[in-house]
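Each remark here refers to the structure printed beneath this line.
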Protein chains: 2
Amino acid sequence: MKSIAVLPTICCSPQTEPLTVPERDELAARFKALADPTRVAIINSLSAADEVCVCNLTETFELSQPTISHHLKVLREAGLVESSRRGTWAYYRLVPDAIAALRGALGP
Amino acid sequence: MKSIAVLPTICCSPQTEPLTVPERDELAARFKALADPTRVAIINSLSAADEVCVCNLTETFELSQPTISHHLKVLREAGLVESSRRGTWAYYRLVPDAIAALRGALGP
DNA sequence: ATTATATATTGACGGTTGTCGATGAAGTCA
DNA sequence: TGACTTCATCGACAACCGTCAATATATAAT
């Protein structure tokens, strides 16, 4: 997931260059992770603390626990968040570099 | 479409605050417009010039003309691009503020 | 061991999306 | 007018997505 640091720029930069097919696929996949209101809200929640317990998220959102788990998996596989288990609980946190890279894709 | 200028920040900023439901819906809808490889590539293409004729896009991508037209509509309704007709041709261009606003949602 | 709790996975269902061919709308040029 | 070009819209279809209930996995506590 290190490759997130070198995401190309889509636009709006002097050095914007044509994307290769793998590059545009990769970028679209990462944007797709943010293309759902619940996942946007989860990112927003994680941003408010170093890490957040899944149990807090299932309380916050009026969605079933499997649905929250599903959205966390999508964000995890996109490299935007990471998790660690401590005891029975799972804690999620942002991967700031990944989000900064995605941000960088939208301009300088 | 002016409201794009005041998109809230998702994360990674000191002043990141909880999103309202309309805000997260709005943000997700805009990210969804970028959640497709072809649309990412279109944005990338538009970034290389002041405006681009649809006829150039249908040549560039190996997709049917209706499919390109569909993607342009999605981007237009998301406020990321705008178009004008001159004669038989339609020219599309980026809405830089909209993309900058989306970029701003990912951090300061 | 058993029981309880937290999270992940599976399977299924309805709604959405990307794609195309066919058609329509609007302009251009003989 | 009529033939031609460019782009948008419509209708259809397969694939994908968000959601839930049920189940599985793993840890903790008694």
Side-chain angles (χ1 to χ4, degrees), chain A residues 19 21-22 24-46 49 51-93, chain B residues 19 21-22 24-46 49 51-93:
Chain A
L19 297 174
V21 170
R24 61 185 223 192
D25 289 352
E26 172 78 8
L27 279 162
R30 302 214 185 247
F31 281 122
K32 192 177 297 187
L34 294 177
D36 177 272
T38 301
R39 293 197 291 269
V40 166
I42 289 175
I43 294 290
N44 181 242
S45 292
L46 296 187
E51 49 182 19
V52 174
C53 178
V54 174
C55 57
N56 289 333
L57 298 174
T58 54
E59 287 170 2
T60 301
F61 301 98
E62 293 181 346
L63 290 170
S64 72
Q65 174 267 319
T67 298
I68 297 295
S69 199
H70 163 70
H71 287 307
L72 289 171
K73 183 179 185 178
V74 172
L75 291 171
R76 219 186 323 125
E77 290 178 344
L80 300 181
V81 308
E82 59 187 12
S83 66
S84 47
R85 268 201 172 242
R86 286 202 301 279
T88 310
W89 295 271
Y91 297 87
Y92 279 74
R93 53 191 169 280
Chain B
L19 298 175
V21 169
R24 61 185 223 192
D25 289 352
E26 172 77 9
L27 280 162
R30 303 216 184 247
F31 281 122
K32 192 178 296 188
L34 294 176
D36 177 90
T38 300
R39 293 198 290 270
V40 167
I42 289 176
I43 294 290
N44 181 242
S45 292
L46 296 186
E51 48 183 19
V52 174
C53 178
V54 173
C55 58
N56 289 334
L57 296 174
T58 54
E59 287 169 2
T60 302
F61 301 99
E62 295 181 346
L63 289 169
S64 72
Q65 175 267 319
T67 297
I68 297 296
S69 200
H70 162 71
H71 286 307
L72 289 171
K73 183 179 185 178
V74 172
L75 291 171
R76 217 184 328 122
E77 290 179 343
L80 299 181
V81 308
E82 58 187 13
S83 66
S84 47
R85 267 198 174 247
R86 286 202 299 278
T88 311
W89 295 272
Y91 297 88
Y92 278 75
R93 54 191 168 279

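In this text the structure is predicted, and so the values were computed from the model without any measurement. Protein chains get the first letters and strands the later ones, always in sequence-line order, with residue 1 at the start of each.
- Atoms CD1 and CG, on A:Ile42 and B:Leu19 in that order, are 12.0 Å from each other to the nearest 0.5 Å.
- Atom CZ of B:Phe31 is separated from atom C1' of C:dT17 by 20 Å (rounded to the nearest Å).
- Regarding B:Glu62, its CD atom lies at a distance of 14 Å from the C1' atom of C:dT19, rounded to whole Å.
- Side-chain contact, B:Arg93 with B:Ser84: a donor N or O sits under 3.5 Å from an acceptor N or O.
- Side chains of B:Arg85 and B:Tyr91: a donor-acceptor N/O pair is absent below 3.5 angstrom, by distance only.
- Residue B:Thr88 places none of its side-chain N or O atoms closer than 4.0 Å to OP1 or OP2 of C:dG27.
- Summarising the geometry, the separation between CG on A:Leu72 and P on C:dA8 is reported as 7 Å, rounded to the nearest angstrom.
- Nucleic acid contact class of A:His71 (heavy atoms, under 4.0 Å, all strands): sugar-phosphate only.
- Comparing B:Arg85 and A:Arg85 by the nucleotide of DNA chain D that holds the closest heavy atom to each, the one mapping nearer the 5' end is B:Arg85.
- In terms of modelled atom types and a separation under 3.5 Å, the side chain of A:Ser45 and the main chain of A:Ala41 share a donor-acceptor contact.
- A straight line from CZ of A:Arg76 to C1' of C:dA8 spans 8 Å, rounded to a whole angstrom.
- Put simply, chain B comes within 4.0 Å of DNA chain D, heavy atom to any atom, from D:dT5 to D:dT9, going 5' to 3'.
- Tested against A:Tyr92 for a side-chain contact (heavy atoms from CB on, under 4.5 Å), the candidates A:Val52, A:Asn56, A:Leu75, A:Val54 yield a single pass: A:Val54.
- The residue B:Tyr92 sits close only to the backbone: its heavy atoms come under 4.0 Å of sugar-phosphate atoms, none of a base.
- To the nearest angstrom, P of C:dT17 lies 12 Å from NZ of B:Lys73.
- Here A:Arg86 lies out of heavy-atom contact (under 4.0 Å) with every strand.
- Of the residues near DNA chain D, A:Trp89 and A:His70, the one whose nearest nucleotide (by heavy atom distance) lies more toward the 5' end is A:His70.
- For the pair B:Gln65 CD and C:dA25 P, the interatomic distance rounds to 15 Å; values are reported in whole Å.
- Nearest nucleotide to the A:Cys53 side chain, out of C:dC20, C:dT28, C:dT7: C:dT7.
- Toward the 5' end of DNA chain C, the nearer of the two residues A:Ile68 and B:Thr67, judged by each one's closest nucleotide, is A:Ile68.
- A salt bridge between A:Arg30 and A:Glu77 is absent, with no side-chain N of the basic residue lying under 4.0 Å from a carboxylate O of the acidic one.
- For the pair A:Arg39 (side chain) and A:Ala33 (backbone), a donor-acceptor distance under 3.5 Å is present.
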